[in-house]
> 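I'd like to ask some things about the structure below.
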Amino acid sequence: QVQLVESGGGLVQAGGSLRLSCAASGRTFSSSAMGWFRQAPGKEREFVAAISWSGKRTYSADSVKGRFTISRDSVKNTVYLEMNSLKPEDTAVYYCATDRSMRIDYSGENYYRPSLYDYWGQGTQVTVSS
């Protein structure tokens, strides 16, 4: 059974940092695209960041550019989201997701779409206090 488990969320003051991890099990995701999305109360789920299967290309939402960094460790089957200079508006449940296809380089805009991703984690809460 495919499973994605996020960890690393918590409560942090504005300006602080957190590092989210997403561990995959049930199959190897080292050849699949992976992404992070978030959903704040009363809002739709939104794209945060994504990384191509090779790790050579990354994509970030404008709202987090320069502050958040996505990376992956294919040996550990894990993707990370390093979040710096956190703001109260970053408060949300953060979800990781992955694609069931392998070794496919999509055009950039596809990584932003939730429909690209077939497997989702349960989410981890990030709360940034002002």
Side-chain angles (χ1 to χ4, degrees):
Q1 183 178 354
V2 173
Q3 191 173 21
L4 299 176
V5 179
E6 302 96 337
S7 61
L11 174 64
V12 64
Q13 288 189 330
S17 299
L18 283 173
R19 187 194 197 203
L20 305 184
S21 299
C22 173
S25 62
R27 54 159 278 194
T28 298
F29 292 96
S30 59
S31 298
S32 298
M34 299 194 77
W36 286 96
F37 289 75
R38 67 186 182 186
Q39 188 167 19
K43 295 187 177 181
E44 292 187 356
R45 190 171 297 191
E46 65 173 357
F47 170 80
V48 176
I51 188 165
S52 65
W53 72 269
S54 64
K56 292 181 180 179
R57 292 187 293 162
T58 61
Y59 305 86
S60 299
D62 288 342
S63 58
V64 307
K65 269 192 175 76
R67 300 188 298 122
F68 291 11
T69 302
I70 188 171
S71 62
R72 67 189 303 162
D73 184 329
S74 296
V75 173
K76 294 183 178 179
N77 225 18
T78 300
V79 66
Y80 303 98
L81 186 68
E82 186 75 37
M83 305 187 296
N84 298 313
S85 302
L86 282 160
K87 305 175 180 179
E89 51 264 43
D90 294 318
T91 295
V93 177
Y94 283 71
Y95 300 89
C96 72
T98 190
D99 172 28
R100 68 161 51 99
S101 300
M102 295 186 184
R103 296 187 179 87
I104 295 181
D105 287 313
Y106 300 100
S107 57
E109 65 269 17
N110 285 295
Y111 291 91
Y112 292 69
R113 297 171 181 158
S115 58
L116 174 69
Y117 304 91
D118 301 294
Y119 304 106
W120 293 80
Q122 292 300 306
T124 185
Q125 176 71 47
V126 171
T127 303
V128 184
S129 63
S130 57

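Residue numbers run from 1 in the order of the sequence given. The analysis underlying the following values was restricted to heavy atoms, covering all of them including side chains, and did not include hydrogens, waters or symmetry mates.
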> Nearest 0.5 Å, what's the OG1-CD distance between Thr91 and Gln125?
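Taking OG1 in Thr91 and CD in Gln125, the distance rounds to 7.0 Å.
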
> Does Arg67 use its side chain to pair, donor to acceptor, with the backbone of Ser85 at less than 3.5 Å?
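A pair under 3.5 Å: yes.
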
> Between Lys56 and Asp105, does any NZ, NE, NH1 or NH2 come within less than 4.0 Å of an OD or OE carboxylate oxygen?
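Between Lys56 and Asp105 there is no salt bridge, as every charged N stays at least 4.0 Å from the carboxylate O atoms.
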
> Please enumerate all residues that pass side chain to side chain contact (heavy atoms under 4.5 Å, CB included) together with Glu89, with sequence neighbours excluded.
Lys87

> Verify, without hydrogens or angle tests, whether Glu6 (side chain) and Gln122 (backbone) share a donor-acceptor contact under 3.5 angstrom.
yes

> Less than 4.5 Å apart, any side-chain heavy atom of Lys76 and any of Ser21?
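A side-chain contact under 4.5 Å is absent here.
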
> If you round to the nearest 0.5 Å, how far is OG of Ser60 from NZ of Lys65?
6.0 Å

> Do you know which two heavy atoms are closest between Arg72 and Ser32, and how far apart they sit?
NH1-O, 2.8 Å

> Shortest non-hydrogen contact from Pro88 to Ala14?
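Taking every non-hydrogen atom into account, CD-CB, 4.1 Å.
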
> Between the main-chain N or O of Gly9 and the side-chain N or O of Thr124, is there a donor-acceptor pair closer than 3.5 Å?
yes

> Crowded around Arg57 CZ? As in, over 12 foreign heavy atoms under 6.0 Å?
yes

> Checking Asp99 now: which residues fulfil salt bridge (charged side-chain N to carboxylate O under 4.0 Å, His left out) with it, not counting sequence neighbours?
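Result, salt bridge (charged side-chain N to carboxylate O under 4.0 Å, His left out) vs Asp99: none returned.
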
> I need the full list of disulfide bond (SG atoms under 2.5 Å apart) pairs touching residues 80-130, with sequence neighbours left out, sorted by first then second residue.
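Passing the test, one end in residues 80-130: Cys22-Cys96.
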
> How would you list, by chain and number, every residue that makes a side-chain hydrogen bond (donor to acceptor under 3.5 Å, both in side chains) with Ser54, sequence neighbours excluded?
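In terms of side-chain hydrogen bond (donor to acceptor under 3.5 Å, both in side chains), with neighbours along the sequence ignored, Ser54 is linked to Ser52.
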
> Is the number of heavy atoms from other residues, nucleotides or ligands within 6.0 Å of CD (Glu44) greater than 12?
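It does not: Glu44 CD has 12 such atoms or fewer within range.
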
> Linking Ile, Leu, Val, Met, Phe, Trp and Tyr through side-chain heavy atoms less than 4.5 Å apart, which residues share a cluster with Val2?
Leu4, Val12, Leu18, Leu20, Phe29, Met34, Trp36, Val48, Ile51, Val64, Phe68, Ile70, Val79, Leu81, Met83, Leu86, Tyr94, Tyr119, Val126, Val128

> Run through the side-chain heavy atoms of Ile, Leu, Val, Met, Phe, Trp and Tyr, join any pair under 4.5 Å, and report what else lands in Trp120's cluster.
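Reading the cluster by chain and number, Trp120 sits alongside Phe37, Phe47, Tyr59, Val93, Tyr95, Ile104, Tyr106, Tyr111, Tyr112, Leu116, Tyr117.
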
